[in-house]
*Asks:* 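To start, I am sharing the structure in question, which I have written as structure tokens.
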Protein chains: 2
Amino acid sequence: MKTNNPAFPSADHDHKHCVSLALKNAEAYCLQQGLRLTKLRHQVLELIWANHQPVGAYELLEQLTQEGRKAAPPTVYRALDFLMENGLVHRISSRNAYVGCSHAGHDHTAQFLICETCGQVAELDDARIGSVITKDADQLGFTVAQWTLEISGICDQCKRGTADE
Amino acid sequence: MKTNNPAFPSADHDHKHCVSLALKNAEAYCLQQGLRLTKLRHQVLELIWANHQPVGAYELLEQLTQEGRKAAPPTVYRALDFLMENGLVHRISSRNAYVGCSHAGHDHTAQFLICETCGQVAELDDARIGSVITKDADQLGFTVAQWTLEISGICDQCKRGTADE
DNA sequence: CTGCATTATGTTACAATATAACATAACAAT
DNA sequence: ATTGTTATGTTATATTGTAACATAATGCAG
Ligand SMILES: [Zn+2]
Ligand SMILES: [Zn+2]
Ligand SMILES: [Zn+2]
Ligand SMILES: [Zn+2]
């Protein structure tokens, strides 16, 4: 399965391509896995992919409502649960927000670079990190189930003053 | 400055020692830095160190009240802010909970092993992780400000059935 | 197609976590 | 003592997330 661009997308990148790729991947993945990517879930996933910034659940709720859907908090949280369980979306717990997965279907653990200026998130997938973690854990007899790494800072574009927001 | 034990403490470890060491270190550090470790802050820090499990803000609030202090949410959150700003406490954002820092004064970034069974948290300080992160970030032109790594799993004692809870 | 089981969504109410805004108190230095 | 500063008290509210139960849609057996 093809992945989306892992790094920070430039202000003028073809984001429609990001969206359609993510949706197409999700559709294919769900089909293949026998998962029901319902209209609601598809809609939420598309809203999440509106940009590369993590989005809050209540923000999604508001947008769903604006799009004419009858929605309450559980509507959103259930869709998010489905999307997260199936690796299509990640939660950025340091922000209580959600972001589309750039490596959906890969079976990976998430590593995020979060720009404090533009709010954009890039997803890393550096195997070395997982390997160091596993080694450390092994030494302590700790069995790793999952982990998240959230890195805050300033992205290249923001340093250069070319961010899109 | 002496550090507390970095790994998962055993069920029968001398936890009073952990507490007194943490408090002593905090007092010394605040004195040296000209920081005001007030009665409230000291009290909150002590409550946080009641065990090696992260504790929620409202749990702290309840305990403060039980100890006779007039407290409301801001009371706790302000104390937590102070303690976090000064590296005496870390927030486990995947749990909305707070844990005493085992390396206070070291100027380090937090890395946590969180046992899903006993709830205990061990703080790692593996420089290799930071170094990999820095390298990855550099390649993308990303300047790292801070990061957190939260690793869930099962600790050694829980696997052996000797956890303290 | 029909009835039935399963899964998804709607709906209401509420729990849990965190902050805003302003008043009072404690503290530290003149 | 006076005064500016920092910390705490107090009230109210914002934000994030769930529980519980009702209804609707879907998939399938017969
Ligand atoms: Zn894009
Ligand atoms: Zn940026
Ligand atoms: Zn201890
Ligand atoms: Zn354990």
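Proteins get letters first, then strands, A, B, ... in listed order; numbering begins at 1 in each. These numbers were taken from a predicted model, which means no experiment stands behind them.
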*Asks:* Rounded to whole angstroms, how far apart are CZ on B/Arg41 and C1' on C/dC27?
*Replies:*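 Distance, rounded to whole Å: 12 Å.
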*Asks:* Measure the shortest side-chain to side-chain distance between A/Leu149 and B/Ile133 over non-hydrogen atoms and say whether it is less than 4.5 angstrom.
*Replies:*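 Touching, per the 4.5 Å side-chain cut-off.
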*Asks:* Heavy atoms, side chains only, cut-off 4.5 Å: are A/Ser94 and A/Ile114 in contact?
*Replies:*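 A side-chain contact exists here, since the closest heavy-atom pair is under 4.5 Å.
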*Asks:* Could you tell me how far apart A/Leu45 (CG) and C/dA8 (P) are, to the nearest whole angstrom?
*Replies:*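 Nearest whole value for this atom pair: 16 Å.
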*Asks:* Could you check whether any side-chain heavy atom of B/Arg36 comes within less than 4.5 Å of a side-chain heavy atom of B/Cys30, counting everything from C-beta outward?
*Replies:*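 Side chain of B/Arg36 against side chain of B/Cys30, heavy atoms only: no contact under 4.5 Å found.
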*Asks:* May I have the distance from A/Glu62 (atom CD) to D/dA14 (atom P), rounded to whole angstrom?
*Replies:*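 It works out to 14 Å between those atoms.
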*Asks:* Counting Watson-Crick and G-U wobble pairs whose two distances are both under 3.5 Å, find the runs of 3 or more in a row that involve DNA chain D.
*Replies:*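 The stems are C:1-30 with D:1-30.
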*Asks:* Please compare A/Phe82 and A/Lys70 by the position of their nearest nucleotide in DNA chain C and report the one closer to 5'.
*Replies:*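 The residue closer to the strand's 5' end, by nearest nucleotide, is A/Phe82.
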*Asks:* By side-chain contact (heavy atoms from CB on, under 4.5 Å), which residues pair with B/Gln146, not counting sequence neighbours?
*Replies:*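 B/Gln146 satisfies side-chain contact (heavy atoms from CB on, under 4.5 Å) with A/Ser152 once adjacent residues are dropped.
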*Asks:* Could you tell me the separation between the CD atom of B/Gln43 and the P atom of D/dT8, rounded to a whole number of Å?
*Replies:*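 One finds 10 Å between P of D/dT8 and CD of B/Gln43, rounded.
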*Asks:* Which whole-number value in Å describes the distance from B/Leu35 CG to C/dC27 P?
*Replies:*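 Whole-Å distance recorded here is 17 Å.
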*Asks:* Name all residues meeting the side chain to side chain donor-acceptor pair (under 3.5 Å) criterion together with A/Arg128; count only those two or more places apart in sequence or in a different chain, and write none if there are none.
*Replies:*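 Counting only residues at least two positions away or on another chain, A/Arg128 forms a side chain to side chain donor-acceptor pair (under 3.5 Å) with A/Asp126, B/Asp136.
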*Asks:* So, does B/Thr38 get its side chain near the phosphate of D/dT8, meaning an N or O under 4.0 Å from OP1 or OP2?
*Replies:*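 Affirmative; the distance criterion is met.
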*Asks:* Nearest-Å distance, CZ (B/Arg69) to P (C/dA25)?
*Replies:*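 Rounding to the nearest Å, CZ of B/Arg69 and P of C/dA25 are 15 Å apart.
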*Asks:* May I ask you to check whether B/His13 and B/His52 place their ring centers less than 6.0 Å from one another?
*Replies:*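 Yes, they do, as the ring centres are separated by less than 6.0 Å.
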*Asks:* In whole angstrom, give the distance that lies between atom CD1 of B/Ile92 and atom P of C/dT17.
*Replies:*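 Spelled out: CD1 on B/Ile92 to P on C/dT17 is 15 Å.
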*Asks:* Calculate the interatomic distance between B/Leu60 atom CG and C/dA16 atom C1'; express it in whole Å.
*Replies:*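 B/Leu60 atom CG is separated from C/dA16 atom C1' by 14 Å.
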*Asks:* Give every residue pair that meets the side-chain hydrogen bond (donor to acceptor under 3.5 Å, both in side chains) criterion with at least one member in residues 55-67 of chain B, sequence neighbours excluded.
*Replies:*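 Qualifying pairs: B/Gln43-B/Glu67.
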*Asks:* Enumerate the protein-to-nucleotides 15-25 of chain D contacts in which both atoms are nitrogen or oxygen and the separation is below 3.5 Å.
*Replies:*
residue, atom, partner, partner atom, Å
D/dG17, OP1, A/Arg91, NH1, 2.3
D/dG17, OP1, A/Arg91, NH2, 3.1
D/dG17, OP2, A/Tyr77, OH, 3.0
D/dG17, OP2, A/Tyr98, OH, 3.2
D/dG17, O5', A/Tyr77, OH, 3.3
D/dG17, N7, A/Tyr58, OH, 2.4
D/dG17, O6, A/Tyr58, OH, 3.0

*Asks:* Report the residues that fulfil ring pair (Phe, Tyr, Trp, His ring centres under 6.0 Å) with A/Phe142, sequence neighbours left out, ordered by chain and then residue number.
*Replies:*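 Result, ring pair (Phe, Tyr, Trp, His ring centres under 6.0 Å) vs A/Phe142: B/Phe8.
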*Asks:* Report yes if some heavy atom in the side chain of A/Gln157 is under 4.5 Å from a heavy atom in the side chain of A/Cys118; otherwise report no.
*Replies:*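 A side-chain contact is absent here, since even the closest heavy-atom pair is not under 4.5 Å.
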